[in-house]
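Here is the structure we will look at, set down as structure tokens.
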Protein chains: 2
Amino acid sequence: MTPADTRERLLAAAERHFSQYGFAGASLRQVTADARANLAAVSYHFGSKEDLFVAVVERLMAPINRERLGLLDQAESRAGAAPLEVEALLEILIGPVLRARKGGGRTLRLFARSQIEDPALCKRIVEGPLKVIKPRIEAALARALPHLGRQELAYRLHFTMGAVKSVAGDQHALRAFSRGLCDPDDVEGTLRQLVAFLAAGMRAPGAAARRSPRRSAAKERSR
Amino acid sequence: MTPADTRERLLAAAERHFSQYGFAGASLRQVTADARANLAAVSYHFGSKEDLFVAVVERLMAPINRERLGLLDQAESRAGAAPLEVEALLEILIGPVLRARKGGGRTLRLFARSQIEDPALCKRIVEGPLKVIKPRIEAALARALPHLGRQELAYRLHFTMGAVKSVAGDQHALRAFSRGLCDPDDVEGTLRQLVAFLAAGMRAPGAAARRSPRRSAAKERSR
DNA sequence: GTCTATAAAGGGATAGAC
DNA sequence: GTCTATCCCTTTATAGAC
């Protein structure tokens with residue numbers, strides 16, 4: 001126990017408790033007990049419960065987003081001027097999350113919670129860990145899917161993240177809903193299923209094509 | 001104020017508070033104050049906070065599931081022996097939820113929360129309001145998508161519900177993530193986007209086809 | 001940096017009068 | 001059915017000793 005790895009132990013324990021019980025449901029007493037630290041250590045190291053939560057999410061997302069950015073840079077430089085494949089982009093978006101510790105369970109649960117819990121908390125997450133990666137992914141997807149309008153792409157990206165989060169909603173929800181057929185611990189299998197499903201959804205014709213197949217894509221793209 | 005519409009007012013207030021603050025985050029004191037009822041009324045009418053939560057979810061889901069069952073019966077009797085279209089099935093699955101009060105926001109948020117909060121709570125919901133409707137939808141989808149194995153269908157149905165829940169995750173998440181492009185209050189527009197996206201995902205080739213296009217579908221279906 | 005002790009507030013549940 | 005009053009527990013946060 002080096003000095004002030006108390007901070008690390010607090011983060012690790014908070015990660016467990018917040019992802020399992022949510023922000024309101026987790027108590028600092030339990031967190032500090034689990035971290036073998038003192039209750040007052042939270043105030044000292046982080047300031048408040050909310051600050052601790054944000055620190056946990058940031059610590060969890062930082063390496064994932066670094067990996068995503070690296071893969072994106074790599075793929076784009078390999079592709080040169082050509083747009084990337086949708087499947088490749090989805091892999092880059094989803095793979096690093098799912099492959100994170102425990103199949104990304106805690107990461108995704110925490111992320112899902114940060115969106116559904118207090119809006120203020122949500123805002124801090126969106127403006128923090130997501131600030132840089134989201135526009136990059138969005139731009140790459142727009143190039144890969146020129147048939148989609150901006151609104152349509154936004155919808156589909158949102159649906160995509162919803163589907164991804166669903167695999168970690170409850171630790172046992174996927175297993176229970178599928179009556180044992182699906183194994184959320186099978187990260188690679190789940191990832192293949194997700195990518196196949198979402199890539200097809202992304203490639204679906206846009207609204208313009210659905211309403212009148214002959215309309216030029218230019219108008220739709222500007223929506 | 002007829003006698004014991006206190007019960008109704010409690011349910012309505014609890015619906016607001018639970019959907020906004022979650023199970024742990026909502027307090028019975030605030031709920032009862034909002035319902036202009038006495039704190040002790042919760043114990044009298046429902047028993048406990050958890051029982052109140054379950055009652056709220058049941059009250060919210062019952063009419064939705066009734067509508068789904070009605071639409072399913074209708075569609076199936078019209079179709080006779082033929083399987084239903086995927087789009088029609090998705091409309092039946094999703095339409096009634098989204099069209100519920102406030103674009104289904106509270107319903108979906110509460111449903112999402114029941115899955116992510118305490119697993120015990122989740123279990124009570126899954127075994128209650130979902131008991132009858134889920135197998136029906138699943139069976140109809142299996143007929144509509146004979147190219148999918150049981151595992152694959154289970155995955156995709158799970159992803160589907162994740163995408164649906166995502167439109168209500170945070171009241172403003174969709175709007176914020178899309179920087180105003182998507183309007184979650186535009187129920188019919190959101191529904192069209194969801195159905196188009198999800199139907200394409202559902203129709204995507206199965207794993208058997210992806211691995212070896214010539215393999216018969218029979219083996220895959222039995223997975 | 002870490003601790004104890006405590007402040008100050010809020011939680012769910014319930015007994016018992018009406 | 002509804003109310004008051006209260007029990008008993010837990011919460012976050014902080015002051016101040018070490």
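The phosphate of D:dT11 has OP1 or OP2 within less than 4.0 Å of a side-chain N or O from A:S27.
The listed nucleotides are D:dT11, C:dG12, C:dG1; the one nearest the side chain of B:K49 is C:dG12. Distances from the side chain of B:S48 to the nucleotides D:dA13, C:dA13, D:dA15 place C:dA13 closest. Listed nucleotides D:dA13, D:dT2, C:dG11 differ in distance to B:T6; the shortest reach to its side chain belongs to D:dT2. Here the nucleotide nearest the side chain of B:L39, chosen from C:dG11, D:dG1, C:dA13, is C:dA13. Of all nucleotides listed (C:dT4, C:dT2, C:dG12), C:dT2 comes nearest to the side chain of A:H45. Here the side chain of A:S43 is nearest to one of D:dT2, D:dT14, C:dG11, namely D:dT14. Nearest to the side-chain atoms of B:N38 among the listed nucleotides D:dT4, C:dG1, D:dT11 stands D:dT4.
Nucleotide C:dG11 holds its C1' atom 18 Å from the OH atom of A:Y21, rounded to whole Å. D:dT2 atom C1' lies 13 Å from atom CG of B:D5, rounded to whole Å. In this structure, the CG atom of A:L10 is 13 Å from the P atom of C:dG1, given to the nearest Å. For the pair B:Y44 OH and C:dT14 C1', the computed distance is 15 Å after rounding to whole Å. The nearest whole Å value for the distance from the CZ atom in B:R9 to the C1' atom in D:dT2 is 11 Å. In this structure, the CZ atom of B:F53 is 18 Å from the C1' atom of C:dG11, given to the nearest Å. For B:L28 and C:dG12, the CG to P distance is 4 Å, given to the nearest whole Å. The interatomic distance linking A:L52 (CG) with D:dT11 (C1') rounds to 15 Å, in whole Å.
Using a 4.0 Å heavy-atom criterion, one finds that A:A24 contacts no nucleic acid atom at all. Counting non-hydrogen atoms under 4.0 angstrom, B:A41 reaches nothing in the nucleic acid.
Between atom CG of residue A:L153 and atom CG of residue B:L181 there is a gap of 9.5 Å, rounded to the nearest 0.5 Å.
The nearest heavy atom of DNA chain D to A:Q30 and to A:G47 marks one nucleotide each, and the one closer to the 5' end goes with A:Q30.
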Next item on the list: Apply side-chain hydrogen bond (donor to acceptor under 3.5 Å, both in side chains) to A:S178 and B:Y155, showing your working.
Entry: CA-CA 7 Å; A:S178 67; B:Y155 267 118; over 6 Å; no
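Of the charged side-chain nitrogens involved, at least one lies within less than 4.0 Å of a carboxylate oxygen, so that B:R101 and B:E15 count as a salt-bridged pair. Salt bridge A:R192/B:E152: absent, no basic N to carboxylate O contact under 4.0 Å.
Between B:F177 and A:H158, the ring-plane angle classifies as tilted under the 30° and 60° cut-offs.
B:R29 contributes no side-chain N or O that forms a donor-acceptor pair with the base of C:dG10 under 3.5 Å.
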